[in-house]
Every structure is written in structure tokens, then in C-alpha cells.
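Here's the structure, in C-alpha cells; my notes come after.
Not measured: the values here are computed from a predicted model. Just so it is clear, the values below take in all heavy atoms, side chains as well, and ignore hydrogens, waters and symmetry mates.
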Amino acid sequence: MGSATKYVSKKPDERGFVDWDQSENQIWHDLVTRQLSCVSGRACQAYIDGLKMLNLPIDKAPQLGDVNRVLKAQTGWECVAVPALINFDRFFELLANKQFPVATFLRSREEFDYLQEPDFFHEIFGHCAMLTNPAFAEFTHTYGKLGFSASPKDRVYLARLYWFTVEFGLLQETNGIRIYGGGILSSPGETRFALTGDFESANDSVNDPESGLNQQNTEQIELSQREVRPIYRPFDPIDIMRTPYRIDIMQPVYFILDDIQQLFELAQQDIMSMVEQAKAMGLHEPLFPPKNKDEDKKVGNYV
């Protein structure tokens, strides 16, 4: 959903088969092998359960038909092959029809550790396991229907809700805080970083914006050497929609669900009235520096 990319999706044949070559299958193998060890003990139970259902191959990239057989049986969802980038109209239309957009390209070896665009690995490994969960699937479906009919301005507020749930959501489980957001679960750096935070207290000072961490460089930084830790906040949809984010840094704040069922409950509520409340209350100050320090708060610096 950006404006430009060097990647081109592979077009499935008439049977829906994507012809991944040997180098692409090796990229998939290396990504999955690394991330499976990383999410162990960090991913939420719903994700672990979904990953077992999907039974994704390790040695080669999966086919969408195999993934779809599981998703349709569990929640009625399916993956749909799309170009490397799609517009918001198409994105919301697909979600509104229980179709999850999957760009059928894999990142290059040169961008193995960090890729700004959502590739096949991010969509399949990061997101599809959670789409086997009824509560998560219902929320995503409702989100798509609301977004499809929303105004461009309202979509910006909805985008923050998606970002801090579907992409970068955490939840409390009996054994501690665990990850359900696909943007975290497909990134080894963010997977480790996201669970190093603590809940914000009334006495906490605002994070120094100059301390924002670049996601691409964090693999070389040991957690023990970091002074920066993310802030945890209780799950509050209006608070979330008032919270700016940047897509190219480690997230300085995460919102914690008490239970994945909260997403199902939210799907039954009047989310668009929450959008209106968030608009009326205004945005929080960003907890990160602008992307271009000389152009603070201009379009493109944050959402």
C-alpha cells in the first residue's frame, strides 16, 4: 500500500500455482528456520496453534491453495495473490470479503534482515496463523468492511488501529506477555525487542524522540546495551487511534490485550464512533523523531 517498490509479484498459473525457483525456496527456508526459533516462547498460543494447523513447509515456499484449505475450514478466510503494492480501496475490499492480500514475491538476499514492503514471508508466516483464530478473523473482517466504506481521513485513524493490533499487537497470557501481531512475528529484531518493555506509569516521562531505533540496525545491538525500552499501554481503541507511528523503526509503544477475545468484542462495537472521538481529541505527540528532522510533522514522517 505504498507508492513504489522494486519488487514484482509472481503471477500464479491457471491452477493458482506459483513457480518459486530454487533461490526463492532457499530464501523461504532460511527465513522460516531463523524465525521459528525466534518466536518460540514469545508468540501467543493462538499463533502457535494456527502455525500447527497450517503445517507450513520448511524447505520450500508454500502454495496458497494449501494455506487456503486450512483457513477456509477454520474461519472461512482465504489468501489472494496480489501485486507487490495495492491501493487502500483494494486492500479494504479484499478484507471485507474475507480475502487476505498476499504479495507473491520474496525479498532478496540483500534485504534479508529488513524489508519495508510486506512480502510473501511476512504475509504467510506473520499473519496467516492468526487468521485461523475466530476472534482475530472476525475483527479483521469487520475492519475491512468499515475501511471499505470509510472516508480517506477516517481510514488514517483505522490504519492506526490495524497497525497496533494486526501488525504490532501484544497480549497478556498466563505465562506473560506474548505476540500476536504479524509485523512483529515476521521480524527477529522486533520479536525480541517487543518483549523488553514495561507498562507506563503516571510518573513516567515521555521517551526521548532522539532515541528511536532503526529496525534495520538493531540486529547488531545487544538488548543488554540498549537504554531504550518500549512502553506498554492497556488496550484502548481510542487511545490507539490517537497514537502516531512510523513504519521504519522499532515501535516505541505497544498496546496489550487482556485476551484475544477482546478483538471479537471490539468487532461488535461501534468502531466508527470511536474514530470520531479520536478525531475530536486529537493526536498524541509522537514518541519518535520525524523521519526527516528538518521537516517535522510533514506528510510522510509518520501516520
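- Trp20 approaches Pro62 most closely through the heavy-atom pair NE1-O, 3.7 Å.
- By the 4.5 Å heavy-atom criterion applied to side chains, Val18 and Phe120 are not counted as neighbours.
- In this structure, Tyr7 places its OH atom where more than 12 heavy-atom neighbours from other residues, nucleotides or ligands lie under 6.0 Å away.
- Val80 is not connected to Phe105 by any chain of hydrophobic side-chain contacts under 4.5 Å among Ile, Leu, Val, Met, Phe, Trp and Tyr, and they are in different clusters.
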Inset, instruction - Test Val253 against Arg233 for side-chain contact (heavy atoms from CB on, under 4.5 Å), laying out the working first. - result: CA-CA 7 Å; Val253 60; Arg233 289 178 179 163; 3.8 Å; yes

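- The two residues Phe168 and Gln251 come nearest to each other via the heavy atoms CD2-CG, 3.7 Å.
- In this model, no donor atom of one side chain and acceptor atom of the other lie less than 3.5 Å apart for Glu167 and Tyr245.
- The number of heavy atoms from other shown groups lying within 6.0 Å of NZ (Lys10) is above 12.
- A donor-acceptor pair shorter than 3.5 Å cannot be found between the side chains of Asn97 and Glu93.
- When all heavy atoms of Leu283 and Met241 are compared, the closest pair comes out as CD2-O, 4.0 Å.
- Between the CG atom in Leu131 and the NZ atom in Lys98 there is a gap of 11.0 Å [rounded to 0.5 Å].
- You'll find the side chain of Arg34 reaches within 4.5 Å of the side chain of Pro188, heavy atoms only.
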Inset, instruction - Report the C-alpha separation of Asp113 and Arg107 in whole Å, then their side-chain angles, then the decisive distance to 0.1 Å, and conclude whether the salt bridge (charged side-chain N to carboxylate O under 4.0 Å, His left out) test is met. - result: CA-CA 9 Å; Asp113 289 330; Arg107 67 194 67 184; over 6 Å; no

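- Counting heavy atoms from C-beta on, the side chains of Phe264 and Pro134 never come closer than 4.5 Å.
- Put simply, the side chain of Asp154 does not reach to within 4.5 Å of the side chain of Leu146, judged on heavy atoms.
- Close placement of the Tyr143 and Phe92 rings is indicated, their centers lying within 6.0 Å of each other.
- Distance check, rounded to the nearest 0.5 Å: CD of Glu138 to CD of Gln261 gives 10.0 Å.
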Legend entry - Criterion side-chain contact (heavy atoms from CB on, under 4.5 Å) on Arg246 and Lys291, from CA distance to verdict: CA-CA 8 Å; Arg246 264 180 59 181; Lys291 192 170 184 178; 4.0 Å; yes

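- Val166 and Leu94 fall within a single hydrophobic cluster, where Ile, Leu, Val, Met, Phe, Trp and Tyr side chains are chained together by heavy-atom contacts under 4.5 Å.
- Between Arg109 and Ser23 there is no side-chain heavy-atom pair separated by less than 4.5 Å.
- The CD atom of Glu117 sits 8.5 Å away from the CD1 atom of Ile247 when rounded to the nearest 0.5 Å.
- When all heavy atoms of Leu266 and Phe139 are compared, the closest pair comes out as CD2-CE1, 3.6 Å.
- Applying the 6.0 Å contact sphere to CE of Met272 captures more than 12 heavy atoms from other residues, nucleotides or ligands.
- Nearest heavy-atom pair, Pro83 versus Ala103, reported as atom, atom and distance to 0.1 Å: O-CB, 3.7 Å.
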Inset, instruction - Before giving the answer on side-chain contact (heavy atoms from CB on, under 4.5 Å), spell out for Val275 and Lys279 the whole-Å C-alpha distance, their side-chain angles and the decisive distance to 0.1 Å. - result: CA-CA 6 Å; Val275 170; Lys279 287 160 61 178; 3.7 Å; yes

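- Across every non-hydrogen atom of Phe136 and Leu263, the tightest pair is CD1-CD1, 3.9 Å.
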Inset, instruction - Walk me through it: do Ile124 and Trp28 pass the test side-chain contact (heavy atoms from CB on, under 4.5 Å)? - result: CA-CA 11 Å; Ile124 297 297; Trp28 170 268; 3.9 Å; yes

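- Taken to the nearest 0.5 Å, the CZ atom of Arg90 stands 10.5 Å off from the CG atom of Leu95.
- Met250 contributes atom CE, which lies 8.0 Å from atom CZ of Arg192 (distance to the nearest 0.5 angstrom).
- A continuous path of Ile, Leu, Val, Met, Phe, Trp and Tyr side chains, each step under 4.5 Å between heavy atoms, connects Val70 with Leu64, placing both in one hydrophobic cluster.
- Under a cut-off of 6.0 angstrom, the local environment of CD in Gln268 is crowded, with over 12 non-hydrogen atoms contributed by other residues, nucleotides or ligands.
- The shortest distance between side-chain heavy atoms of Phe100 and Leu71 does not fall below 4.5 Å.
- Under the 4.5 Å side-chain criterion, counting only non-hydrogen atoms from C-beta, Asp66 is not in contact with Asn55.
- Checked against the 6.0 Å centroid threshold, Phe235 and Phe255 do not count as a close aromatic pair.
- Contact of the Ser108 side chain with the Lys6 side chain is registered, since non-hydrogen atoms from C-beta on lie closer than 4.5 Å.
- By the rule that hydrophobic residues join a cluster once side-chain heavy atoms approach within less than 4.5 Å of another member, Phe125 and Ile179 end up as members of one cluster.
- With Tyr162 as the fixed residue, the ring pair (Phe, Tyr, Trp, His ring centres under 6.0 Å) test singles out one of Tyr157, Phe88, Phe91: Phe91.
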